[in-house]
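First comes the structure, then the notes that go with it.
A note on names: the letters A, B, ... follow the listed sequences, proteins ahead of strands, and every chain is numbered from 1.
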Number of protein chains: 2
Amino acid sequence: MSNAKTSIAKRRKMSDIRKDNLKQILLSAENLFAERGYSSTTISAIALQAGLPKANVLYYFKTKETLYKEVLTQLLVLWMQHMDEMTSDQHPNEALPRYILQKMKQSKQQPNASRIFAAEILHGAPYLREQLQTDLKAQFIKTCQVFHDWIAKKWMDPISPEHLLFMIWSSTQAYSDFALQSSLLMDKDELDDNDFDAGLELISRLVLKGCGINLV
Amino acid sequence: MSNAKTSIAKRRKMSDIRKDNLKQILLSAENLFAERGYSSTTISAIALQAGLPKANVLYYFKTKETLYKEVLTQLLVLWMQHMDEMTSDQHPNEALPRYILQKMKQSKQQPNASRIFAAEILHGAPYLREQLQTDLKAQFIKTCQVFHDWIAKKWMDPISPEHLLFMIWSSTQAYSDFALQSSLLMDKDELDDNDFDAGLELISRLVLKGCGINLV
DNA sequence: AAATATCCTGACCTATGGGTCAGGTTTTGG
DNA sequence: CCAAAACCTGACCCATAGGTCAGGATATTT
């Protein structure tokens, strides 16, 4: 009763406070980093959007860099997921379209991940280099191997696994990274479901036909 | 003789001085903006790289924003070139691979253009919106019309012209925007000619086969 | 209920970077 | 050769943003 906070929202456990605040900060940071990039994003802005005083944000994350790294790490997990769901025993006519679909869904539903990731790489990946060379690379090699196996089984033409993957990544992520450009060119406020469907269809079609993968 | 400058490099005309300095400044700015992005790039850094005092850079460009806009405008021209070389009377089995080749060449030889452009769009295109909605859009519509004509002539399957163009842009530009990622994943210092060739071949193949374009 | 750990925050410090300016030098035009 | 125009620049100004800190509030433990 002595204090507005505790009277309105009844006592919260400390662990809850911490969890809630961290979540809010990370969410706000993610949005702002995606929107403005690392150096244009200020801690005050993050604090404001998170509904906390600046000093409180600094209480949880000693530096802006720490906060950014944390956001990055979380997003890399997101970015990498689904890749390992393609395996050698699946036929590419199922596995590839499914992966493309998942990447497109992510571009639609979580554009921030791809955008922050893109900006980081564009500027030399100063904070992500390590993880790219370890985590992502391991998964990359595995996936290339899967493609390779598919080729050996004559399930697809002998194309370069590495470059096929690069192509799938870039063309699907374009639907978040360059969505603004696309929508400007097509006279829309933003991309709608039809656009994502059209993109999905086109990319799947090009990959399947281009790799000589027989439809069932 | 009274001064080191004039004694070493004999007198330069004023217009030359201006031209040289502008060139140096724009070049340095381009490199730094591409490398670090807009807000991480300082005028002092640009000046240093251009071999001029900071105040001299500010003499030519009143503000950092002016300089950035100038760089952007120059790069947009670069970025857009070649698109208008595809016309309705050409067969796509020639025109498309040629365009893809040109985009790939640009990714290799002038990666800065694509990178600065990408960063600008990623962050909401605050300085480029106008030109996207006028210049680029005009060219975009024309090119889509060309694709449309090809489809009408049964030279290619009825795919979405807009999304095909998005796909070509994103997959070719990836060879500059995400070159770092690719090289890290493939254990190289940087992409070499073979990589660009492999990318070119793969993208061309996917586009041609995917769009059902008959090779001659 | 007292002691302790965690959380919170306004006020403050400092470095940096964009931008100004006054006074200089060099080039040009007459 | 002289005046005007163009060019140059070290020193300065100031707003901002990252980060510190001391002291207070709240929660937990004993």
Side-chain angles (χ1 to χ4, degrees), chain A residues 1-26 28-29 32-33 35-71 123 126-127, chain B residues 1-26 28-29 32-33 35-71 123 126-127:
Chain A
M1 277 253 192
S2 62
N3 169 307
K5 253 185 199 166
T6 48
S7 64
I8 292 175
K10 58 201 70 167
R11 291 234 157 103
R12 292 187 301 167
K13 274 195 284 181
M14 216 136 223
S15 53
D16 289 343
I17 295 180
R18 189 174 191 84
K19 224 172 59 179
D20 289 355
N21 284 346
L22 282 175
K23 197 175 160 188
Q24 261 312 303
I25 293 171
L26 285 168
S28 307
L32 286 166
F33 284 140
E35 204 173 288
R36 310 181 188 176
Y38 178 73
S39 38
S40 300
T41 299
T42 65
I43 299 181
S44 339
I46 295 170
L48 187 70
Q49 184 159 326
L52 298 169
K54 188 180 85 168
N56 203 0
V57 172
L58 269 316
Y59 170 73
Y60 286 104
F61 297 91
K62 287 300 165 209
T63 67
K64 183 179 167 183
E65 193 180 316
T66 313
L67 174 51
Y68 179 66
K69 277 185 184 163
E70 185 59 35
V71 171
H123 301 136
Y127 301 111
Chain B
M1 276 253 193
S2 62
N3 168 306
K5 250 185 201 166
T6 49
S7 67
I8 293 174
K10 57 202 72 171
R11 291 233 158 103
R12 291 187 304 168
K13 273 194 284 181
M14 214 133 225
S15 53
D16 288 344
I17 295 179
R18 189 171 191 86
K19 223 171 61 182
D20 289 355
N21 284 346
L22 281 176
K23 197 175 161 187
Q24 261 312 304
I25 294 172
L26 284 168
S28 307
L32 286 166
F33 283 140
E35 204 172 288
R36 311 182 187 174
Y38 178 73
S39 38
S40 299
T41 299
T42 66
I43 298 182
S44 338
I46 295 171
L48 187 70
Q49 183 159 327
L52 298 169
K54 187 180 88 167
N56 202 359
V57 172
L58 269 315
Y59 170 72
Y60 286 104
F61 296 92
K62 287 301 165 209
T63 67
K64 183 180 169 184
E65 193 181 316
T66 313
L67 173 51
Y68 180 65
K69 276 186 185 164
E70 185 59 35
V71 171
H123 300 137
Y127 301 111

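For the pair A:K69 and A:F61, the cation-pi test (distance below 6.0 Å, angle within 45°) is failed.
A:D16 places its CG atom 14 Å from the C1' atom of C:dC7, with the value rounded to the nearest Å. Nucleotide D:dC8 holds its C1' atom 15 Å from the CG atom of B:D20, rounded to whole Å. In this structure, CD1 of B:I43 is placed 5 Å from P of C:dG19, rounded to the nearest angstrom. Here C:dT26 presents its C1' atom at 15 Å from CZ of B:R18, a figure rounded to the nearest Å. Rounded to whole Å, the distance from CZ on A:R36 to C1' on D:dA17 is 13 Å. Counting to the nearest Å, the P atom of D:dA25 and the CD1 atom of A:I17 are 16 Å from each other. Per the geometry, CD1 belonging to A:I46 stands 12 Å off C1' belonging to D:dA17, to the nearest Å. Spacing between atom CG of A:N21 and atom P of C:dT6 amounts to 16 Å, rounded to whole angstrom units.
Among pairs with a residue in residues 47-63 of chain A, those fulfilling side chain to side chain donor-acceptor pair (under 3.5 Å) read A:N21-A:Y60, A:T63-A:T66, at least two apart in sequence or across chains.
One finds the CZ atom of B:R18 at 12.5 Å from the CG atom of B:D16 (value rounded to the nearest 0.5 Å). Atom OG of B:S39 and atom OH of A:Y38 lie 11.0 Å apart (nearest 0.5 Å).
Checked against salt bridge (Lys or Arg N to Asp or Glu O under 4.0 Å), B:E35 has no partners two or more places apart in sequence or in another chain.
A side-chain contact (heavy atoms from CB on, under 4.5 Å) with A:I43 is found for one member of A:L58, A:L32, A:L67, A:L48 and no other, namely A:L58.
Within residues 51-61 of chain B, the residues that have a heavy atom under 4.0 Å from DNA chain C are, in order of number, B:K54, B:L58.
Using a 4.0 Å heavy-atom cutoff across all strands shown, A:T41 reaches sugar-phosphate atoms only and no base atom.
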